[in-house]
Amino acid sequence: MRLATWNVNSIRARVDRVADWLERADVDVLAMQETKCSDEQFPTMPFLAAGYEVVHCGFNQWNGVAIASRVGIDDVAVGFDNQPTWSDKPEVEAAAEARALGATCNGVRVWSLYVPNGRTVGSPHYVYKLQWLAALRETAQNWLTEDPSAQLALVGDWNIAPTDEDVWSVQAYEGSTHVTEPERAAFNAILAAQFTDVVRPFTPGPAVYTYWDYTQLRFSKNRGMRIDFILGSPALAHRVTHAEIVREERKGKAPSDHAPVLVELS
DNA sequence: ATGTCGGCAGGATGCCGA
């Protein structure tokens, strides 16, 4: 089975490209992030035409996560237990954002995750990001405690570069989110909870990235960050026979600023 | 060179988020 994750940066702007890649890359399950639309606006038809079922969680033009599968989608869950809430405005009650969607596809419990960006270090949104990661770690740890043999895939845009090797320039990101010690500690806590980066062994660094800013010719200069990950539980990790970051999909007409990340399971 | 996208409101372009 071939499982992938991709921050698509608006599915409405890119659905033809995404559906085309699904078929070309022979993908069975794709988790998407930043669909940037409501459920009503989500373009389902191109996925159906390509032979995929698709589930989506989107409340407005922000965030949005989805899973497309041609091997079944069962037990769909919108959000995870204890998922922190957020509100930009005092007059609006805090609510869970469209950042987590779970579904079981051919025996694999897939979670499409869009970790909060954090915006600026020390801001309320940064605090929220750290809370969100801590809550995810707690919940994911419980899943594994309940069933140590569970095949779990925590995939998506984590908005963290776990090591200095995962950014094109440490200096460029000095004082910025994505590289701070608390963010890296929050990511490492999930690794410590028995989830492993199943892609890295097949895509060793340095200078291996999954995201490149649109500005300043960052892609052509390969000035990016590695922030999109597929983390597997022990039972899932043992099945991984191949992985790749599909840089080709960052090229061409109207690309997302992220490349898809793909694993093959035995 | 605060450099580029996408979505929104409003009905052009400026703002937000990334």
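Every heavy atom of this structure was used, including side-chain atoms; hydrogens, water molecules and symmetry mates were not. A, B, ... follow the sequence lines: proteins, then strands. Residue 1 opens every chain.
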*Looking at the side chain of R14(A), which of dG6(B), dA18(B), dT4(B) is the nearest nucleotide?*
dG6(B)
*Could you tell me whether the side chains of S256(A) and N9(A) share a donor-acceptor contact shorter than 3.5 Å?*
no
*Does R12(A) have a side-chain nitrogen or oxygen under 4.0 Å from the phosphate oxygens OP1 or OP2 of dG6(B)?*
no
*Provide, to the nearest angstrom, the distance between the OH atom belonging to Y214(A) and the P atom belonging to dA1(B).*
26 Å
*More 5' along DNA chain B: T35(A) or Y114(A), using each one's nearest nucleotide?*
T35(A)
_Any side-chain N or O of R119(A) below 4.0 angstrom from OP1/OP2 of dC16(B)?_
no
_Heavy atoms only, 4.0 Å cut-off, all strands: where does F219(A) land among base, sugar-phosphate and nothing?_
nothing
*Please state the C1' separation for the pair dG11(B) and dG17(B) - nearest whole angstrom.*
23 Å
_Rounded to whole Å, how long is the line connecting atom CG of D213(A) with atom P of dT2(B)?_
13 Å
*Just compare dG17(B), dT4(B), dA18(B) and give me whichever is closest to any side-chain atom of H125(A).*
dA18(B)
*Cut-off 3.5 Å, side chains only: do Q131(A) and Y126(A) have a donor facing an acceptor?*
no
*With P as the reference atom in both, quote the distance from dA1(B) to dT13(B) in angstrom, rounded to an integer.*
25 Å
*For R223(A) and dT4(B), what is the distance between atoms CZ and P respectively, to the nearest whole Å?*
15 Å
*Take the protein atom NZ of K36(A) and the nucleotide atom C1' of dC5(B), then report the distance between them rounded to whole Å.*
7 Å
*If each of D88(A) and Q61(A) is mapped to the nucleotide of DNA chain B with the nearest heavy atom, which maps nearer the 5' terminus, i.e. the 5' end?*
Q61(A)
*Taking atom types as modelled, find out whether N7(A) and E34(A) have a side-chain donor-acceptor pair closer than 3.5 angstrom.*
yes
*Which pair of non-hydrogen atoms, one from W86(A) and one from H125(A), has the smallest distance, and what is that distance?*
CZ2-CD2, 3.5 Å
*asked:* I'd like to know if E264(A) pairs up with R239(A) as an ion pair, taking the criterion as any Lys NZ or Arg NE/NH1/NH2 lying under 4.0 Å from an Asp or Glu carboxylate oxygen.
replied: no
_In whole Å, I'd like the distance from the CD1 atom of I11(A) to the P atom of dG6(B)._
13 Å
*Span that lies between the C1' atom of dC8(B) and that of dA12(B), in whole angstrom*: 13 Å
_Rounded P spacing from dC5(B) to dG10(B) in Å_ = 26 Å
*How long is the line joining NE2 of H258(A) and P of dT4(B), in whole Å?*
18 Å
_Whole-Å distance separating the CZ atom of R17(A) from the C1' atom of dG6(B)_ = 15 Å
I'd like a table of donor-acceptor pairs (distance under 3.5 Å, sequence neighbours excluded) in which one partner is a side-chain atom from residues 168-177 of chain A, with atom names and distances.
unit_1: S169(A); atom_1: OG; unit_2: Q171(A); atom_2: N; d: 3.3
unit_1: S169(A); atom_1: OG; unit_2: A172(A); atom_2: N; d: 2.9
unit_1: S176(A); atom_1: OG; unit_2: Y173(A); atom_2: O; d: 3.4

*For Q216(A), report the nucleic acid contact type (base, sugar-phosphate, nothing); a contact means any heavy atom under 4.0 Å.*
base
*Nearest to the side chain of T215(A), which nucleotide is it out of dG7(B), dA18(B), dT4(B)?*
dT4(B)
*Determine the contact category for R218(A): base if any of its heavy atoms lies under 4.0 Å from a base atom, sugar-phosphate if only primed atoms, P, OP1 or OP2 are that close, otherwise nothing.*
nothing
*Let me know the distance between CG of N7(A) and P of dG17(B), rounded to the nearest Å.*
17 Å
